[in-house]
Amino acid sequence: MTASSPSALDLMDQWQPPPRKRGPRGCVMLALLVVGALVAGAVWVVVSLNDREPVPVKPVFTVPALTPAPRSAIPGDAGPLPAEAAKDAWIAKVSENTDIPSRTLRAYVNAAEKTAKSAPRCEITWATIAGIGRTESQHARHDGSRAGEDGVVTPPIIGIPLDGSPGVMAVVDTDKGALDGDAKWDRAVGPMQFLPATWKRYGVRANGDGAAPDPQNIDDAAMTTAKYMCARGGDLGKPAGWWTAVLTYNNSTQYGQEVFSNADAYGKAALKPEPAPAPR
């Protein structure tokens with residue numbers, strides 16, 4: 001069976017008129033139409049953007065540098081710890097007002113809360129723990145690290161080898177590299193920068209699940225900081241105790257003043273009232 005020949009209707013359906021050539025005037029008109037459309041679009045975008053409410057820019061959190069003499073004062077009041085029912089909202093507010101990530105702030109608050117029950121005479125505040133955390137690792141964010149929802153900091157934060165180089169103390173390895181990966185020299189580990197030997201003595205597992213304390217876990221690190229400072233300073237609600245604890249952490253007046261400035265600024269940020277809603 002052979003294919004039938006195309007009918008006249010088929011041929012007419014397939015016929016296309018030859019393309020018309022545009023003269024110079026037609027090209028000009030087309031160009032004007034394109035330009036007009038572009039201008040109209042640009043005007044619409046500008047008008048639309050102007051109609052939108054401006055997006056508020058979060059101000060950069062600054063810490064005024066305070067230079068109190070050692071043992072002369074303690075940071076300003078950080079206010080009471082939030083009630084359990086209000087904790088989430090409180091953390092969201094303070095995290096918004098400061099440079100502290102909410103997950104890390106929760107670890108500081110929980111450490112202060114648990115310490116208030118286990119060592120009520122210590123009087124350590126979440127703001128002091130945060131002051132240490134900011135100086136030691138920018139709240140677990142050193143060199144791109146971060147604390148996950150499980151509290152584990154990734155990548156792990158590990159300090160320089162304490163090998164006696166200029167300006168660096170010499171601390172020969174004490175843990176066969178188990179915590180710091182260095183079997184020759186010790187290195188400070190975790191967001192709160194503990195030496196392996198100190199961690200072995202004071203390390204605390206914050207959630208009490210029976211696992212070994214992990215210096216790379218922000219909950220464990222914050223709890224251990226509270227335990228260590230309370231053991232060293234006694235009553236941190238008094239200048240002598242506060243400064244003894246901080247200078248034991250790092251025996252430097254400049255370091256103590258930096259932590260003091262941090263803690264004082266965080267306390268003020270926590271007490272800052274909620275802004276009134278903007279009129280509409």
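All values below come from the heavy atoms of this structure, side chains included, with hydrogens, waters and symmetry mates left out.
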**Student:** Do L195 and L162 make a side-chain contact, defined as non-hydrogen atoms from C-beta onward lying under 4.5 Å apart?
**Tutor:** yes
**Student:** Has W243 got a side-chain atom pairing as donor or acceptor with A73's backbone, closer than 3.5 angstrom?
**Tutor:**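 Looks like yes, one N/O pair under 3.5 Å.
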**Student:** So, does D173 use its side chain to make a donor-acceptor pair with the main chain of G177 at under 3.5 Å?
**Tutor:**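 Such a contact is found between D173 side chain and G177 backbone.
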**Student:** I'd like to know if the side chain of Q193 and the backbone of G190 have a donor-acceptor N/O pair within less than 3.5 Å.
**Tutor:** yes
**Student:** Distance-only, no hydrogens or angles: does the S95 side chain make a donor-acceptor pair with backbone N or O of P101 under 3.5 Å?
**Tutor:**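 Checked: no pair found.
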**Student:** Would you kindly say whether D163 and S165 are connected by a side-chain donor-acceptor distance under 3.5 Å?
**Tutor:** yes
**Student:** Check for a donor-acceptor pair, side chain of T104 on one end and backbone N or O of I100 on the other, with a separation under 3.5 Å.
**Tutor:**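 No, because the side chain of T104 does not come within donor-acceptor range (under 3.5 Å) of the backbone of I100.
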**Student:** Looking only at heavy atoms, what is the nearest atom pair of D99 and R134, with distance?
**Tutor:** OD2-NE, 3.1 Å
**Student:** CH2 of W90 to CG of L105: how many Å apart, nearest 0.5 Å?
**Tutor:** 5.0 Å
**Student:** Could you check whether any side-chain N or O of K114 sits under 3.5 Å from a backbone N or O of A206, counting only pairs where one atom can act as donor and the other as acceptor?
**Tutor:** yes
**Student:** For R146, I'd like to know if atom CZ has over 12 heavy atoms of other residues, nucleotides or ligands within 6.0 Å.
**Tutor:** no
**Student:** Quick check: closest heavy atoms across S261 and P64, and the distance to 0.1 Å?
**Tutor:**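 Result for this residue pair: CB-O, 3.4 Å.
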**Student:** Would you say D186's side chain and T174's backbone share a donor-acceptor pair under 3.5 angstrom?
**Tutor:** yes
**Student:** Return the orientation label for the Y249 and Y255 ring planes: parallel under 30°, perpendicular over 60°, tilted otherwise.
**Tutor:**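 Answer is parallel, since the angle falls under 30°.
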**Student:** For a 4.5 angstrom cut-off between non-hydrogen side-chain atoms, does L247 reach R71?
**Tutor:**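 In contact.
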**Student:** Does K200 reach the side chain of L179, with side-chain heavy atoms less than 4.5 Å apart?
**Tutor:**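 K200 vs L179: side chains apart.
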**Student:** With a 3.5 Å distance limit and no angle check, can you tell me whether S145 reaches the backbone of P155 through a side-chain donor-acceptor pair?
**Tutor:** yes
**Student:** Do R205 and D214 sit within salt-bridge range, that is, some charged N less than 4.0 Å from a carboxylate O?
**Tutor:** no
**Student:** Say whether, by atom type as modelled, one donor and one acceptor occur between the side chain of D180 and the main chain of V189 under 3.5 angstrom.
**Tutor:** no
**Student:** What's the verdict on ring-ring contact (aromatic ring centres under 6.0 Å, His included) for Y266 and H139, showing C-alpha distance, side-chain angles and the deciding distance?
**Tutor:** CA-CA 13 Å; Y266 288 140; H139 308 303; 5.7 Å; yes
**Student:** Using a strict 4.0 Å threshold on nitrogen-to-oxygen distance, state whether R103 and D219 make a salt bridge.
**Tutor:** yes
**Student:** Let me confirm one number: the CG-CD1 distance from L236 to I74, rounded to the nearest 0.5 Å.
**Tutor:**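 Rounded to the nearest 0.5 Å, the CG-CD1 separation comes to 8.5 Å.
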**Student:** Nearest 0.5 angstrom please: F260 CZ to T67 OG1, how far?
**Tutor:** 9.5 Å
**Student:** Looking at side-chain heavy atoms only, is the closest gap between M192 and I129 below 4.5 Å?
**Tutor:**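 Yes, close enough: below the 4.5 Å cut-off.
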**Student:** Compare all side-chain heavy atoms of P215 with those of F194 and state whether any distance is below 4.5 angstrom.
**Tutor:**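 Not in contact.
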**Student:** Answer yes when K93 and E96 have at least one side-chain N-carboxylate O distance shorter than 4.0 Å, and no when they do not.
**Tutor:** no
**Student:** Would a 4.5 Å heavy-atom cut-off, applied to side chains only, mark V172 and W185 as touching?
**Tutor:**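 Yes, their side chains come closer than 4.5 Å.
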**Student:** Can you find a heavy atom in the side chain of M223 that is under 4.5 Å from one in the side chain of N217?
**Tutor:**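 They are not in side-chain contact.
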**Student:** Rounded to the nearest 0.5 Å, how far apart are OG1 of T135 and CD of E258?
**Tutor:**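 Taking OG1 in T135 and CD in E258, the distance rounds to 3.5 Å.
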